[in-house]
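Heads up: the structure comes next, in structure tokens.
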2 protein chains.
Amino acid sequence: MTVFDVEQLLNDHGVKPTPQRAVITDYLVHTHSHPTADDVFAAVAEKLPVPLSRATVYNTLNILVEHKVVQEVHTEPGKTRYDANLSDHHHFVDSVSGEIIDVSLENISHMPVSLSKDFLDGKFELEGYQITFFGKKKN
Amino acid sequence: MTVFDVEQLLNDHGVKPTPQRAVITDYLVHTHSHPTADDVFAAVAEKLPVPLSRATVYNTLNILVEHKVVQEVHTEPGKTRYDANLSDHHHFVDSVSGEIIDVSLENISHMPVSLSKDFLDGKFELEGYQITFFGKKKN
DNA sequence: ATTCATGCAAAGCATTTGCACATAA
DNA sequence: TTATGTGCAAATGCTTTGCATGAAT
């Protein structure tokens with residue numbers, strides 16, 4: 001994805017592209033590492049010809065989440081991670097390192113999952129679900 | 001579950017029962033509200049004849065997690081919630097209020113879920129999974 | 001005696017906010 | 001010029017830590 005495409009992506013989601021936002025989004029779109037805000041800051045700060053503050057990173061990430069360009073992933077206490085994989089997928093979390101690995105739908109049996117009418121019973125409107133697998137990554 | 005049973009439960013999991021730990025555990029075992037550490041502190045402080053500090057609540061919750069008496073639930077940024085429902089179950093999160101509702105296995109279709117051999121491929125050892133449904137609770 | 005739990009206050013992180021400056025339409 | 005984005009630093013909120021006291025074995 002080129003810088004132009006990133007600007008397109010931002011425009012498509014109603015986010016005004018700025019140099020900072022473009023570089024942050026570009027980084028997120030090209031990584032599978034589910035970075036934290038600080039990971040993003042560290043990776044992007046050196047790429048930008050202009051200074052970059054943590055506040056801008058946090059602001060940008062929140063805007064990208066609000067506009068559904070990326071999604072938050074919560075697997076560990078105290079850390080919010082970001083995922084720009086826009087395809088329908090789930091996650092495998094290594095219980096030792098905390099590393100998050102994407103799991104595409106074709107790697108999961110017995111999909112899709114749904115809630116019984118008995119549970120929903122006119123009381124809940126189901127919008128989606130997220131499966132977090134956990135286990136150990138072997139060496 | 002009586003106080004005696006709570007002490008039994010703690011002993012069974014290798015946690016030395018103290019008054020604070022017993023009352024905290026008792027509270028967790030009897031609620032379905034998935035409380036935060038602060039919720040626990042607020043609910044338990046007034047029940048105890050002795051003073052209770054937040055540090056003790058945090059210490060105790062971490063010990064209970066380590067000894068698998070309760071589990072952490074992460075659905076929102078910046079908040080760790082605790083769940084003493086020891087049965088196999090999943091969660092529904094109200095996307096408006098953040099409220100977490102337990103979903104027992106019989107309320108889910110297409111269970112159990114598993115990962116394909118292709119994904120695991122000798123590289124991952126699957127220990128379990130957690131499904132987080134999200135949507136709106138109707139009034 | 002020795003070990004371990006507790007309380008308090010201080011410290012630590014991740015994240016948000018207030019405000020001034022810079023930028024773009 | 002009007003609105004919006006950015007940077008900096010201060011503030012906030014949740015959680016952990018250090019240390020002294022207190023209880024239990």
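Every value quoted in this text rests on a predicted model; they were computed, and no experiment measured them. Just the heavy atoms: all of them, side chains too, but no hydrogens, waters or symmetry mates, feed the values below. Every chain is numbered from 1, with letters handed out A, B, ... down the list of sequences.
In this entry the distance linking CD1 of B:Ile63 with P of C:dC4 reads 12 Å, nearest Å. Between the CG atom of A:Leu61 and the P atom of D:dG5 there is a distance of 15 Å, rounded to whole Å. Following rounding to the nearest Å, B:His67 (NE2) and C:dA5 (C1') show an atom-to-atom distance of 14 Å. Look at CG on B:Leu64: it is 12 Å from P on C:dA5, rounded to the nearest Å. Here the P atom of nucleotide C:dC8 and the CD atom of B:Gln20 are 11 Å apart, to the nearest Å. Here the P atom of nucleotide D:dT6 and the CZ atom of A:Phe41 are 14 Å apart, to the nearest Å. Atoms CD (A:Glu7) and C1' (C:dA24) sit 14 Å apart, rounded to a whole Å. With rounding to whole Å, B:Glu76 atom CD is found 15 Å from D:dG13 atom P.
The environment of CG in A:Asp118 is sparse: at most 12 heavy-atom neighbours from other residues, nucleotides or ligands sit within 6.0 Å.
Atoms CD and CG, from A:Gln130 and A:Asp88 in turn, are 8.5 Å apart once rounded to the nearest 0.5 Å. With rounding to the nearest 0.5 Å, the separation of NE2 in B:His91 from CG in B:Asn85 is 7.0 Å. Going from atom CD of A:Glu72 over to atom CG of A:Leu64 covers 11.0 Å, rounded to the nearest 0.5 Å.
Checking B:Ile108, B:Ile131, B:Asp83 one by one against B:His89, the side-chain contact (heavy atoms from CB on, under 4.5 Å) holds for a single residue, B:Asp83. Of the candidates A:Thr18, A:Leu28, A:Ile24, A:Ile24 is the only one forming a side-chain contact (heavy atoms from CB on, under 4.5 Å) with A:Thr60.
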Nucleotide N/O to protein N/O under 3.5 Å, stretch nucleotides 20-25 of chain D:
none

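At the phosphate of D:dG5, neither OP1 nor OP2 sits under 4.0 Å from any side-chain N or O atom of A:Thr56.
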Exercise. Dump the intermediate steps for side-chain hydrogen bond (donor to acceptor under 3.5 Å, both in side chains) on B:His34 and B:Asp102, then the final yes or no.
Key: CA-CA 9 Å; B:His34 305 82; B:Asp102 284 342; 2.7 Å; yes
Practice prompt. Report the C-alpha distance between B:Asp39 and B:Thr36 in whole Å, list the side-chain angles of each, state the deciding distance to 0.1 Å, and finish with yes or no for side-chain hydrogen bond (donor to acceptor under 3.5 Å, both in side chains).
Written response: CA-CA 5 Å; B:Asp39 294 335; B:Thr36 63; 3.1 Å; yes
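Closest approach of B:Ser33 and B:Tyr27 over heavy atoms only: OG-OH, 4.1 Å.
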Going 5' to 3' through nucleotides 11-20 of chain C and flagging B where a protein heavy-atom sits under 4.0 Å of the base, S where only the sugar-phosphate is that close, and - otherwise, we get ---SBBB---
